[in-house]
Amino acid sequence: MEGLRISDGDLENWFTYHSPSQDQTFAYNRIREQARKMAFTIRDSCPPGPDTTAAIRLLRLSVMTANQAIACDPDG
């Protein structure tokens, strides 16, 4: 089975700067604040090591991906 082809519109949207609206800024801050709390929980609950580092790295990736979802929302 072949994958879906990424459209020109998707690429334009994903690689274009989107100035945030006030609602988007609120959403970015809310996500970042919750992730910050989770990062401290991970750090304080897990032993130091590569898995803990990976967990925090993936949390950072989650925040960036969520921000992209907000920024690139065609209805936003």
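Counting heavy-atom neighbours within 6.0 Å of E33 CD, excluding the residue itself, gives a total above 12.
Nearest heavy atom pair, residue C72 against residue N13, reads O-ND2, 2.8 Å. The two residues A27 and I70 make their nearest non-hydrogen contact at CB-CD1, 3.6 Å.
For the pair F26 and Q22, the minimum side-chain heavy-atom distance is 4.5 Å or more.
Considering only residues two or more places apart in sequence or on other chains, L4 meets the side chain to side chain contact (heavy atoms under 4.5 Å, CB included) condition with none of them. By the side chain to side chain contact (heavy atoms under 4.5 Å, CB included) test, F40 is found to be paired with R36, R43, D44, residues two or more places apart in sequence or in another chain being considered.
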For residues 53-68, which side-chain N or O atoms pair as donor and acceptor with protein atoms under 3.5 Å away, sequence neighbours left out?
unit_1	atom_1	unit_2	atom_2	d
T53	OG1	G49	O	3.2
S62	OG	L58	O	3.0
T65	OG1	L61	O	2.9

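Taken from CG in D23 to OH in Y28, the straight-line distance is 11.5 Å, to the nearest 0.5 Å.
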